[in-house]
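I have placed the structure first, in the form of structure tokens, so that the comments after it can refer back to it.
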Amino acid sequence: MFAALSVGMPGVAQKKQALTLNIVNPRDFTKDAYRRVDDRPYGGGPGMVMLAEPLSKAVQHAKSLLPASTKVIYLSPQGFVLKQAAVTRMASESALILIAGRYEGVDERFIDLYVDEEWSIGDYVLSGGELPAMVLVDALSRLLPGVLNDPESALQDSFSLKDQHDQVLLDCPHYTRPDVFEGQSVPEVLLSGNHLTIAKWREQQRVLRTRQRRPDL
Ligand code: 4FV
């Protein structure tokens, strides 16, 4: 699954040596023949729970290769819902250890002993924490210095944009060639070459779109 991180922005970030990824498999830290990483839940109930031991050994191994202050982040639906502000804060860390769980979740004692922050990519349940971990890596990779060709574009994105009251805004509509597509033309203002008018129009569109689509913002 993690091969997807060798393409796109995470791939670019690695090629530019702005990002180093090490994938650690808890199965490599098991002792039994079946390399078990899960077991049945105390108290009964459906599904399996990830064992604390292999995860703790895997995290200790990862920590041995990283600064002692490295934060351990566990991706789970029980975490804070991830927003751009948190991604921006995380991007300033020199290293992070991301825990991708499976099954019903992990033994709570592992979380209590080793996890610094628990984050969710959204209020829905996936089959594993690998995609959430990769989502976070992707969001982080584009914020690392020297990764985006035009650093401006990171600032121009939805959720990176703030209005004059520091409110988060959705991004404005974007257009490219041809100037007429299936009978639909491009807003005249964008063809005017007047950068001030264009900037004003884009700002108005951001505010309008945010009000219409995300009144919660
Ligand atoms: C999830 C999320 C998520 C729950 C059971 C993995 C799955 C399985 N992680 N944001 N939403 N995780 O659904 O981060 O262990």
Side-chain angles (χ1 to χ4, degrees), residues 1-11 13 19-30 32 34-63 66 70-93 95-144 157-160 168 170 213-214 216-217:
M1 287 183 81
F2 293 105
L5 293 175
S6 56
V7 297
M9 270 308 143
L19 171 69
T20 305
L21 289 178
N22 296 293
I23 312 295
V24 178
N25 185 345
R27 282 198 194 280
D28 296 341
F29 297 88
T30 55
D32 66 304
Y34 298 96
R35 293 163 51 90
R36 293 197 64 149
V37 290
D38 68 317
D39 207 333
R40 288 177 299 110
Y42 279 123
M48 303 294 272
V49 175
M50 287 194 83
L51 294 161
E53 169 91 10
L55 283 170
S56 69
K57 291 281 185 292
V59 166
Q60 289 173 54
H61 167 72
K63 280 177 176 270
L66 295 167
T70 302
K71 287 199 179 87
V72 177
I73 293 178
Y74 172 47
L75 287 305
S76 94
Q78 285 73 43
F80 297 114
V81 179
L82 193 65
K83 305 283 185 199
Q84 189 67 28
V87 176
T88 303
R89 177 174 57 76
M90 292 177 193
S92 63
E93 299 284 346
L96 292 171
I97 295 173
L98 307 184
I99 309 292
R102 282 245 155 193
Y103 310 107
E104 293 305 303
V106 306
D107 188 307
E108 195 69 16
R109 290 166 295 181
F110 168 77
I111 299 172
D112 293 339
L113 289 167
Y114 291 93
V115 172
D116 297 301
E117 298 180 10
E118 204 163 339
W119 288 93
S120 167
I121 63 165
D123 292 335
Y124 39 82
V125 181
L126 302 167
S127 58
E130 296 86 359
L131 289 174
M134 291 161 72
V135 162
L136 178 52
V137 169
D138 186 285
L140 287 166
S141 64
R142 49 194 303 287
L143 299 181
L144 298 177
D157 282 354
S158 286
F159 303 104
S160 301
V168 168
L170 300 186
R213 299 182 185 195
R214 291 292 306 274
D216 61 301
L217 292 178

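Counting starts at 1 for both ligands and their atoms, in listed order. Values reported hereafter were calculated over all heavy atoms of this structure, with side chains retained and with hydrogens, waters and symmetry mates removed.
When only non-hydrogen protein atoms are considered, atom 11 (N) of ligand 1 lies nearest to Tyr124 O, 2.9 Å. Scanning the protein for heavy atoms near atom 14 (O) of ligand 1, the closest one is Ser76 N, 3.4 Å. If you check which protein heavy atom lies closest to atom 7 (C) of ligand 1, you get Leu126 O, 3.2 Å. Looking only at protein heavy atoms, the nearest one to atom 15 (O) of ligand 1 is Tyr103 O, 2.8 Å. The closest protein non-hydrogen atom to atom 10 (N) of ligand 1 is Ile121 N, 3.0 Å.
Within ligand 1, counting atoms from 1 as listed, the ones closer than 4.0 Å to a heavy atom of Val125 are 13 (O). Atoms of ligand 1 lying under 4.0 Å from at least one heavy atom of Leu75, given by number and element, are 9 (N), 14 (O). Interface of Ser120 with ligand 1, defined as ligand atoms under 4.0 Å from a residue heavy atom, comprises 2 (C), 10 (N), 11 (N), 14 (O). Counting atoms of ligand 1 from 1 in the listed order, those under 4.0 Å from a heavy atom of Gly129 are 6 (C).
Between Phe110 and Val59, some side-chain heavy-atom pair lies under the 4.5 Å cut-off. Taking 4.5 Å as the limit, every side-chain heavy atom of Met9 sits out of range of all side-chain heavy atoms of Leu19. Side-chain contact between Arg102 and Ser127 is present, with heavy atoms from C-beta onward closer than 4.5 Å. Taking 4.5 Å as the limit, every side-chain heavy atom of Leu113 sits out of range of all side-chain heavy atoms of Ser56.
Taking Glu93 as the reference, Lys71 meet the salt bridge (Lys or Arg N to Asp or Glu O under 4.0 Å) condition, with sequence neighbours excluded.
The 12-atom threshold is not exceeded at CZ of Arg40, counting heavy atoms of other residues, nucleotides or ligands nearer than 6.0 Å.
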Listed pairs under 3.5 Å, donor-acceptor, residues 20-29 side chains, sequence neighbours left out:
| residue | atom | partner | partner atom | Å |
| --- | --- | --- | --- | --- |
| Asn25 | OD1 | Arg27 | N | 2.8 |
| Arg27 | NH1 | Arg35 | O | 2.7 |
| Asp28 | OD1 | Arg35 | NH2 | 3.1 |

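Looking at Glu104 next to ligand 1, no N or O pair under 3.5 Å apart turns up. Polar contact check, Pro132 against ligand 1: no nitrogen or oxygen pair lies under 3.5 Å apart. Inclusion of Arg102 in the set of residues having an N or O under 3.5 Å from an N or O of ligand 1 is warranted.
When the heavy atoms of Gly105, Pro77, Gly122, Gly128 are ranked by distance to atom 6 (C) of ligand 1, first place goes to Gly128.
Atom CZ in Arg109 sits 11.0 Å away from atom CD in Glu53 (nearest 0.5 Å).
For Asp107 (side chain) and Leu51 (main-chain N/O), no donor-acceptor pair under 3.5 Å exists by modelled atom type.
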